[in-house]
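Before any comments, here is the structure.
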Amino acid sequence: MLRRLCQVGATSWRSAQPNCHSPKVFKQLSAAEREKFFDSFDVVFCDCDGVVWYTLRDFIPGSAQALAELQRRGKRLTFVTNNSISSVAEHLHKFAEQAQVHVAKEQIVHPAQAVCDHLKDIGFGGMIYCLATPPFKQLLRDAGFRLSQEREGSVIKTLAELREAIFGGEPVDAVIIDVDFNLTATKLMRAHVQLQNPSCLFLAGAADALIPFGNGDIIGPGPFIDIVAQSTGRQPTVLGKPGEALRQLLRQHHAHIPPNRVLFVGDSLASDIGFARASGYQTLLVLTGGSSQADVDSLPAGHAHMPDYVGDCLGDLCDKAN
Amino acid sequence: MAESNSPQHILTMSGEQRQRFLESFDWVFSDIDGVIYNLESDVPDAGLAYNALERAGKRLTFVTNNSVRTLEQTARRFAKSKIQVAPEQIWHPAQTLVYYLRSIQFEGLIYIMASPQFKAVLQQAGFQLLEGPNHFIEETYEDLARHIFDKQPVRAVVIDVDFNLTSAKLMRAHLYLRHPDCLLITGATDRLLPVGKGVNIIGPGAFASILVEASGQPPIVMGKPGRPLGDMLLQQNKITDPRRVLMIGDMLAQDVLFGRQLGFQTLLVLTGGCSLHQLLAVTDPDLLPDYYADSVVDLLQLLPESTPKAHG
């Protein structure tokens, strides 16, 4: 019952926390506060890109030590990435380069893998229309799933060609949308048409509204998923951040842990912090990725994306207290 | 005029009501697709209704959200339906945009996602357009970045129907819109486009809304139900009393909303994107037409017999 109450929403446990209106700056915690912080959670959900390493590149200085420190303190780590361009194996390979960190396959939650696991769980055997990157599609093919082929990159000049692109092609039993660098309006329209069949599944992976890029954001996969959801009046099963199905999946991972004993570490206010707060997790925003201190400062008090703690980087966790 | 909550079918009006209705407007603004013809078929005898309206002294203007057809193609299609029109009687978002850009003395580059026909109208009017990327993007963020980051001084992003719209184009448009002086201009607003009986595809309005949301910038709408379009139509026709306009159309969120917002009378026809069932489900007063009809041809029964000219 206690857990149920905690799961109702972020506010039920947050009200017990002092100073919950603005985030605490991690580096400014006293030694006693730091110890209290480390004692306040058992499980860590941690984003990868922009937190552990720079997006698709090197480890961020200090992050390997911080992960080692968390493991030394007996915290159970799960990495929750939205990046299906790198496979689970590639994620593991990257972790393996750091001698002090030990990560097993089960500790990585990855949109393509989550979608694949879900399809296996429900015994799916049909044809899939998959709007995603080649590694995402390859993962599904390697698992034995059948993907509908598509002519890519042809220019549509006439209404007849448009019609063929949308209505041609075989019927499918599932539509999956994640990041697709060559996403087109016609692909979304074909998905829309296929989803008129109520038995056709509608799944999605990463669903970020915006993706941090350079000095700002670019449009993420979320709005494209939303377009199909709105046009068809159907809600997809979203197995990437900030999806509801992923939320349930993470809950199942640690069913016996109350949400307030979970710390979520991320770099995106919407996809990480907002997602985590809605689950009732504690939240730590690090400024090595998509969000800046100015972004945090611009949030009104009590905003649903407001983190509990802010750190310059993950490495702050193992620095000495002031 | 029907002021009750539910719209009146024009054929249920009494003789006196019919007379008052016919005398209540001087201008007819009419949609085209779904009213005169659909993608695959013509609405039978629709042309007769417009001819009769013209004989009754009503001035016709056709206001379409479809810029995919050129004016010449539209005129030919009209000829097939036996309607004679001058090009200046037809308004579509590309043409409206030319009027608009001239009215604000726009200077600068335009980044455009639209049909070749739409682009041609702007180019012929002397505007400078940028488009793309039209290449296949390699599956890396670096390659994506090469195609969407651009430093040219784009001061307007235009989005209408583009058969080759891609996520990369929308991302690039979003980046131009970071500049505080860059306008966001939309054409057709339909979120769903009927392409056949019971078959819809996703319309340009849905894609435009991605840019509206990502940029936080309200769009300037050149298609129905955009306000600038309405203002220009009133101005060009020198109309001072909008109640003297009858708007005929098949779409609630485009034609009826447009008419209601501008104070026109509205007549919904059920030959296109709205069924009787959908009409009866309307609760939003802004989407509720004054009148409805099975087809524009119903108007023929209200209008005087099509008599030979010699008769007077």
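Each chain gets a letter, A, B and so on, in the order the sequences are listed, and its residues count up from 1. Since this is a predicted model, take the numbers as computed values, not measurements.
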Is it the backbone or the side chain of B/Thr140 that comes under 4.5 Å from a heavy atom of chain A, or both, or neither? backbone
In terms of heavy-atom proximity below 4.5 Å to chain A, should B/Arg178 be classed as side chain, backbone, both, or neither? side chain
Greatest number of heavy atom pairs closer than 4.5 Å to chain B - which of A/Asp217, A/Ile211, A/Thr133: A/Asp217
Among B/Met171, B/Lys169, B/Arg172, residue most engaged with chain A (heavy-atom pairs, under 4.5 Å): B/Met171
Side chain / backbone / both / neither for B/His147 at chain A, heavy atoms under 4.5 Å: neither
Roughly how far apart are B/Asn200 CG and A/Met189 CE, rounded to 0.5 Å? 11.0 Å
Pairwise side-chain contact, A/Ile227 with B/Ile202, heavy-atom cut-off 4.5 Å (strictly under): yes
Identify which of A/Ile219, A/Asn182, A/Thr186 forms the greatest number of heavy-atom pairs closer than 4.5 Å to chain B. A/Asn182
Please classify the contact of B/Leu192 with chain A as side chain, backbone, both or neither, using a heavy-atom distance under 4.5 Å. side chain
Sort B/Leu175 into side chain, backbone, both or neither according to what part of it lies under 4.5 angstrom from a heavy atom of chain A. side chain
In sequence, state the C-alpha distance, the side-chain angles, and the governing distance for A/Phe224 and B/Leu170, and then conclude on side-chain contact (heavy atoms from CB on, under 4.5 Å). CA-CA 11 Å; A/Phe224 299 103; B/Leu170 289 165; 3.6 Å; yes
Does atom NE2 of A/His303 have more than 12 heavy-atom neighbours, drawn from other residues, nucleotides or ligands, at distances under 6.0 Å? yes
At a heavy-atom separation under 4.5 Å, does A/Leu210 approach chain B through its side chain, its backbone, both, or neither? side chain
Counting C-beta onward and ignoring hydrogens, is there a side-chain heavy-atom pair between B/Ile201 and A/Ile166 closer than 4.5 Å? yes
Side chain / backbone / both / neither for A/Leu159 at chain B, heavy atoms under 4.5 Å: both
Rounded distance (nearest 0.5 Å) linking atom NZ of A/Lys187 with atom OG of B/Ser167: 8.0 Å
Taking everything shown except B/Glu213 itself, do over 12 heavy atoms lie less than 6.0 Å from its CD? no
Check whether more than 12 heavy atoms from other residues, nucleotides or ligands sit under 6.0 Å from atom CD of B/Gln128, and answer yes or no. no
Under 4.5 Å from any heavy atom of chain B - which part of A/Ile218: both
Sort B/Leu144 into side chain, backbone, both or neither according to what part of it lies under 4.5 angstrom from a heavy atom of chain A. side chain
For B/Asn164 and A/Ile156, indicate whether the former's side chain and the latter's backbone hold a donor-acceptor pair under 3.5 Å. yes
Proximal component of A/Leu188, with respect to chain B [non-hydrogen, under 4.5 Å]: both
Chain B contact via A/Gln230 - which portion, at a heavy-atom distance below 4.5 Å: side chain
Measure up the A/Phe181 and B/Tyr141 rings against each other and bin them: parallel (under 30°), tilted (30 to 60°), perpendicular (over 60°). perpendicular
Given heavy-atom pairs under 4.5 angstrom as the criterion, report whether the side chain, backbone, both or neither of A/Ser154 touches chain B. backbone
